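Presented below is the structure to which this report refers.
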2 protein chains.
Amino acid sequence: MTVKERVRIGGRSARIQSAVHDAVRKLGALSTRNQITVPQIAAEAGVTPSTIYRRWGDLSALLADVAVARLRPIADPDDTGAVESDLRAFIEQYAEEMSSPVGQALMRDVLSALKEGLPSACAGFTCDHLTTLNARAKARGETPFDIDEVIDHVVAPIIYRALFSEQIPTPDYCNRLIDRIYPPARKRRTAV
Amino acid sequence: MTVKERVRIGGRSARIQSAVHDAVRKLGALSTRNQITVPQIAAEAGVTPSTIYRRWGDLSALLADVAVARLRPIADPDDTGAVESDLRAFIEQYAEEMSSPVGQALMRDVLSALKEGLPSACAGFTCDHLTTLNARAKARGETPFDIDEVIDHVVAPIIYRALFSEQIPTPDYCNRLIDRIYPPARKRRTAV
DNA sequence: AGCTTAATGCAAATATTTTGCGTTAAGAAT
DNA sequence: ATTCTTAACGCAAAATATTTGCATTAAGCT
């Protein structure tokens, strides 16, 4: 059994990682994906191109690494007081982000890299958020929603349209999807 | 107003297109996407690399061009005698194809190319098939299904899982999705 | 059959990627 | 705090990919 060598994560390695990621974000905002090259990123980050090739392998692996970092959540979804409104607020923001040009580009970067597990890791971020909303619901004594049902019938249609449709998912569209989980009959009653 | 120059589509142009597409398919079967290069494809097709760069622009545009050609349907879905079984048969085959390694690779090729309209064109192929099934239903005097509902709640979950999940959509899973369109109450009756 | 010109081949130039080897510094051990 | 091992990085050269100018081939119209 081979012993795993020690990977160095401090000092210079960390600085280079951060500089390269910042360079990718900056150049990504200024040009399209097929205009970005490793030598450009290296110059912007202040490293030599072979450093990038050695550490990441190729451009698509680097773009995916940065995309995963950007897609990884940094905070829990907003707490709106009830699980239904939590879900509606979360999904509306999620749809806005994922269907924006930046969101679409990040999803493409993740899917384009030939690295098994990346797309499912990103899907896991979404699943984690839904789990957080359900944990709150339970803490409030509310009935949690079916996470698989939300993924199949709310998240999947939104992502499918963000990637494959020329019409981006609107807030109305998202709320209509969620109406299948929370039918709006009570809303009609309170509207009278 | 500029006059569009005549594009030549016969003879040598057609042969080169066919040879290059065949070369991409052949090399795509033998290696992973990041191992394929334009010079390799050119050698396999018997053309010079600059021909490929001039005609397609870059490797990802070529891969997308070939992916679209492969995703474009060549026949109508099977006619099983009733719209529900037509849909079930179509979706089962669609899920099998799209979640296979080849299907996943083709979707990634289409999404990776920075060419607006390609992903939605491919989604259009699916929509066309659903329209065909509904035209048959109407011809039989049956009630057609809601195409948008099938796209959002059957197609989208399948494609989402094919791209983002480590578990591929199974026939059971697909049929459970379709059960939302055609609830299986009558099946329970005949099972007794 | 002749003509115009789009597409292609060829080769050179430019850019990117890969690789060997020396240098720097991360991090463990003392 | 110092020393030691060695992972990560820089540099430069080599290999490969991509781009471009120009000549040749042949598609398609008259």
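No experiment lies behind these values; they were computed from the predicted model shown. No hydrogens, no waters, no symmetry mates; every other heavy atom, side chains included, goes into these values.
Under 4.0 angstrom from either OP1 or OP2 of D:dC9 there lies at least one side-chain N or O belonging to A:R55. Using a 4.0 Å cut-off, some side-chain N or O of B:T37 falls inside it from OP1 or OP2 of D:dA17. Within the structure, a side-chain polar atom (N or O) of B:S13 is placed less than 4.0 Å from OP1 or OP2 of C:dT8.
Taking atom CG of residue A:N34 and atom P of nucleotide C:dA15, one finds them 17 Å apart after rounding to whole Å. Distance CD1 (B:I9) to P (C:dT8): 13 Å, rounded to an integer number of Å. Between the C1' atom of C:dA7 and the CH2 atom of B:W56 lies a distance of 12 Å, rounded to the nearest Å. When rounded to the nearest whole Å, the span between CD of B:Q17 and C1' of D:dA27 equals 15 Å. One can place CD1 of A:I41 at 17 Å from P of C:dA15, the figure rounded to the nearest angstrom. The distance between atom CG of B:D58 and atom P of C:dT16, rounded to the nearest whole Å, is 14 Å. We find that CD1 of A:I52 is positioned 9 Å from P of D:dG10, with the value rounded to whole Å. Atom CZ in B:R54 sits roughly 8 Å away from atom C1' in D:dT19 (whole-Å rounding).
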**Message:** Test salt bridge (Lys or Arg N to Asp or Glu O under 4.0 Å) on A:R88 and A:E84; report intermediate values, then the result.
**Reply:** CA-CA 6 Å; A:R88 287 189 189 273; A:E84 179 179 343; 3.0 Å; yes
**Request:** Go through the steps for A:R180 and B:E149 under the test salt bridge (Lys or Arg N to Asp or Glu O under 4.0 Å), then give the verdict.
**Result:** CA-CA 12 Å; A:R180 301 172 72 97; B:E149 174 143 353; 3.6 Å; yes
**Request:** For A:R33 and A:R108, run side-chain contact (heavy atoms from CB on, under 4.5 Å): C-alpha distance rounded to whole Å, both residues' side-chain angles, the deciding distance at 0.1 Å, then the answer.
**Result:** CA-CA 10 Å; A:R33 280 302 178 268; A:R108 284 195 296 266; over 6 Å; no
**Request:** Apply the test side-chain contact (heavy atoms from CB on, under 4.5 Å) to residues B:R55 and B:L62: give CA-CA distance (whole Å), side-chain angles for both, the deciding distance (0.1 Å), then the verdict.
**Result:** CA-CA 9 Å; B:R55 199 174 317 190; B:L62 172 56; over 6 Å; no
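Between B:T48 and A:G11, it is B:T48 whose nearest contact on DNA chain C lies nearer the 5' terminus. Each of B:R15 and A:S50 has a nearest nucleotide on DNA chain D; the 5'-most of these lies closest to A:S50. Mapping A:P49 and B:R8 onto DNA chain D by nearest heavy atom places A:P49 closer to the 5' end of the strand.
Proximity note for B:R12 (side chain, C-beta onward) versus D:dA8, D:dA26, D:dG21: the nearest is D:dA26.
Contact record, A:L59 with A:I36: CD2-O, 3.4 Å, taken as the closest heavy-atom pair.
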